[in-house]
Engineer: 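Quick one: this structure, given as structure tokens, is what I'll be asking you about.
Just so it is clear: chains get the letters A, B, ... in the order the sequence lines come, proteins before strands, and each one is counted from 1. On a predicted model such as this, the values are computed, not experimentally measured, just so you know. Only this structure's heavy atoms are used, side chains among them; waters, hydrogens and symmetry mates stay out.
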Amino acid sequence: MPELPEVETIRRTLAPRVVGRTITGVRVLSPKFVVGTGPEEFAEAVTGARIKGLDRRGKFLIMHLEYPKRARASSPCGGEEARDGPAPGGGDIIVHLKMAGQLLWCAPRADLGPTRRRHTHVVFSLDDGHELRYVDTRHFGRLYFTGGDVADRALRRALQTLARLGPEPCQGGLDWPTFREMLASRKARIKPLLLDQSFVSGLGNIYTDECLFRAGIHPLRRASSLSEAEARVLHRAMCEVIREAIELRGTSVRDYVDGEGREGSYAGRLRVYGRAGEACPRCGTEIARTVVGGRGTYFCPRCQRLGEEPARSRTNV
DNA sequence: AAGGGCCCCTGAAAGC
DNA sequence: TGCTTTCAGGGGCCCT
């Protein structure tokens with residue numbers, strides 16, 4: 001469940017290790033993780049490329065590649081065929097870790113244990129002797145190669161999603177008056193809306209619950225029903241939570257580790273997520289758990305009131 | 001536009 | 001103890 005703070009932490013730990021390095025080899029152990037091109041073509045395409053930069057957008061990691069000038073290997077079918085293949089010498093690698101993906105920088109002989117070994121899907125060899133391994137126990141994550149087949153449905157989909165990401169919820173990505181306006185035109189419930197990456201990008205299930213708790217807003221409130229003051233408080237809560245989580249290098253519940261395999265330490269700071277039945281740190285009421293939009297949702301029923309709309313489900317007299 | 005449901009996938013936890 | 005079932009979750013996709 002890497003969300004913005006985790007992906008940013010991974011980016012920060014990996015960047016100094018891999019930027020400037022040249023990829024000397026690629027092993028694709030599970031073809032389905034590479035989108036946009038076949039495993040052999042992928043390996044052939046990016047071998048020899050230099051990692052020019054490592055960026056993050058929302059929960060996506062973008063590995064910018066730079067290609068040396070090289071003579072096209074002569075095609076067995078003759079030169080004319082080359083135009084139909086993947087774009088020669090081009091393409092970046094876009095990674096989405098989804099639930100449990102890990103990008104690990106390590107020594108080539110590093111033993112990451114049986115579970116990770118079993119779920120190592122792509123291995124990049126770097127020119128300084130290290131490796132960058134893509135490990136994913138849940139098999140949800142993907143590596144998209146932008147130099148691949150432009151007609152590939154999954155690739156196009158991912159690029160479109162990336163292009164349509166909403167602003168980041170903090171660090172100058174979004175000021176609160178704009179946020180207030182964005183909320184005002186939406187009837188959706190606030191939690192699913194914050195999870196919508198085309199609305200704001202980077203929030204996942206954990207931080208959404210934390211932000212709403214901090215702002216004292218019930219996850220089922222309609223976005224447009226939030227007052228100006230509430231919008232402002234929520235905006236501030238998002239900035240604070242994200243900033244603090246990045247400072248503490250992310251939240252490790254289950255699988256998350258950074259680019260060097262280290263856990264983050266924000267888990268101890270979570271106030272509601274995963275704490276059903278425990279006392280609310282603010283008022284002592286038991287933290288409740290419910291399901292919103294199919295996601296486990298934690299909140300304090302006293303600090304986060306649902307004032308609006310009569311709960312028509314079962315308001316026993 | 002909004003929302004519900006299913007799917008992908010497997011380790012961990014709960015249930016028996 | 002050990003086997004079986006349930007659950008978690010980001011996001012695509014389909015349907016209403």
Side-chain angles (χ1 to χ4, degrees), chain A residues 1-8 10 29-36 56-61 94-103 112-122 134-144 152-166 168-169 181-210 219-225 250-257 263 267 270 272-277 289-298 308-309 312-313:
Chain A
M1 34 191 74
E3 305 179 25
L4 192 159
E6 289 75 32
V7 180
E8 177 61 19
I10 292 167
L29 307 173
S30 323
K32 71 170 180 181
F33 291 90
V34 176
V35 175
R56 179 192 58 74
R57 185 70 182 83
K59 302 177 194 174
F60 286 91
L61 270 175
I94 299 174
V95 183
H96 200 302
L97 304 166
K98 292 286 178 81
M99 297 267 313
Q102 301 177 334
L103 265 181
L112 306 178
T115 304
R116 281 184 184 159
R117 197 183 312 137
R118 187 161 63 247
H119 296 291
T120 297
H121 307 299
V122 183
Y134 180 72
V135 177
D136 190 343
T137 57
R138 291 286 183 281
H139 295 208
F140 283 171
R142 291 293 183 268
L143 277 61
Y144 302 93
D152 185 287
R153 186 185 167 90
L155 178 60
R156 290 173 67 160
R157 197 74 203 157
L159 294 178
Q160 190 176 57
T161 301
L162 185 62
R164 291 181 182 173
L165 286 179
E168 308 231 336
E181 273 180 43
M182 288 164 60
L183 291 173
S185 61
R186 295 296 209 114
K187 291 179 210 156
R189 301 186 185 275
I190 189 66
K191 167 148 180 179
L193 188 60
L194 293 180
L195 287 173
D196 179 349
Q197 302 298 299
S198 68
F199 184 71
V200 291
S201 58
L203 294 179
N205 204 38
I206 295 176
Y207 293 115
T208 300
D209 281 3
E210 292 300 309
L220 290 178
R221 287 281 302 280
R222 300 278 172 186
S224 55
S225 80
T251 302
S252 292
V253 292
R254 291 190 186 84
D255 307 281
Y256 166 73
V257 290
E263 297 198 334
L270 296 175
V272 289
Y273 184 84
R275 298 195 182 280
R289 181 187 185 278
T290 180
V291 175
V292 175
R295 300 286 176 254
T297 298
Y298 301 86
E308 49 158 5
E309 56 199 321
R312 70 182 63 188
S313 43

Engineer: In the structure I gave you, are the side-chain heavy atoms of A:His119 and A:Asp136 within less than 4.5 Å of one another anywhere?
Structural biologist: no

Engineer: So what does A:Arg289 touch, heavy atoms closer than 4.0 Å: a base, only the sugar-phosphate, or nothing?
Structural biologist: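 Sugar-phosphate only.
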
Engineer: Taking all atoms of both residues into account, what is the closest heavy-atom pair of A:Asp152 and A:Leu155, and its distance?
Structural biologist: OD1-N, 3.0 Å

Engineer: Side chains of A:Ser201 and A:Arg57: is there a donor and an acceptor less than 3.5 Å apart?
Structural biologist: yes

Engineer: For B:dC8, take OP1 and OP2 only and decide whether either is under 4.0 Å from a side-chain N or O of A:His139.
Structural biologist: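 It does not, given that no N or O in the side chain of A:His139 lies less than 4.0 Å from OP1 or OP2 of B:dC8.
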
Engineer: Could you list the protein-to-nucleotides 11-14 of chain C atom pairs, N/O on both sides, closer than 3.5 Å?
Structural biologist:
residue, atom, partner, partner atom, Å
C:dG11, OP1, A:His96, NE2, 2.5
C:dG11, OP2, A:Lys59, NZ, 3.0
C:dG11, N7, A:Arg295, NH2, 2.8
C:dG12, OP1, A:Thr161, OG1, 3.0
C:dC13, OP2, A:Arg157, NE, 2.5

Engineer: Find the distance A:Leu97:CG to C:dA8:P and express it as a whole number of Å.
Structural biologist: 22 Å

Engineer: Under 4.0 Å, counting only non-hydrogen atoms across every strand here, what does A:Arg116 touch: a base, just sugar-phosphate, or nothing?
Structural biologist: nothing

Engineer: Check every atom of B:dC9, B:dA2, C:dA8 against the side chain of A:Tyr273 and return the nucleotide holding the closest atom.
Structural biologist: C:dA8

Engineer: Report yes if at least one side-chain N or O of A:Arg186 is closer than 4.0 Å to OP1 or OP2 of B:dA2; otherwise report no.
Structural biologist: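 The answer is yes; a side-chain N or O of A:Arg186 sits under 4.0 Å from OP1 or OP2.
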
Engineer: Could you tell me the separation between the CD atom of A:Glu6 and the C1' atom of C:dG9, rounded to a whole number of Å?
Structural biologist: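 Rounding to the nearest Å, CD of A:Glu6 and C1' of C:dG9 are 14 Å apart.
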
Engineer: On the 0 to 90° scale, with breaks at 30° and 60°, tag the A:Phe60-A:Tyr144 ring pair as parallel, tilted or perpendicular.
Structural biologist: tilted

Engineer: Between A:Glu168 and A:Arg56, does any NZ, NE, NH1 or NH2 come within less than 4.0 Å of an OD or OE carboxylate oxygen?
Structural biologist: yes

Engineer: Is the distance from OP1 or OP2 of B:dG11 to the nearest side-chain N or O of A:His119 less than 4.0 Å?
Structural biologist: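 Answer yes for this pair, as a side-chain N or O of A:His119 is under 4.0 Å from OP1 or OP2.
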
Engineer: If I take atom CZ in residue A:Arg138 and atom P in nucleotide B:dC7, what distance separates them, rounded to the nearest angstrom?
Structural biologist: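 One finds 18 Å between P of B:dC7 and CZ of A:Arg138, rounded.
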
Engineer: What is the minimum heavy-atom distance between A:Lys98 and A:Phe140, and which atoms define it?
Structural biologist: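 In terms of heavy atoms, the two residues are closest at CG-O, 3.3 Å.
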
Engineer: Could you check which of C:dA8, B:dA2, C:dG10 has an atom nearest any side-chain atom of A:Phe140?
Structural biologist: C:dG10

Engineer: Can you check the A:Phe199 CZ to B:dA2 C1' distance for me, whole Å?
Structural biologist: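 Atom-to-atom, A:Phe199 to B:dA2, this comes out as 14 Å.
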
Engineer: Specify the angle, to 10°, made by the local axes at the two ends of the helix from B:dA2-C:dT16 to B:dC16-C:dG2 when five pairs are taken at each end.
Structural biologist: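 End axes: 50° apart.
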
Engineer: With under 30° as parallel and over 60° as perpendicular, where do the rings of A:Tyr273 and A:Tyr298 fit, or are they tilted in between?
Structural biologist: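 Ring orientation, 0 to 90° scale: perpendicular.
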
Engineer: Quick test of your reading: applying salt bridge (Lys or Arg N to Asp or Glu O under 4.0 Å), list the pairs with at least one residue in residues 191-200 of chain A, sequence neighbours left out, ordered by first then second residue.
Structural biologist: A:Lys191-A:Asp209

Engineer: Count the heavy atoms belonging to other residues, nucleotides or ligands that lie under 6.0 Å from CD of A:Gln160, then report whether that count exceeds 12.
Structural biologist: yes

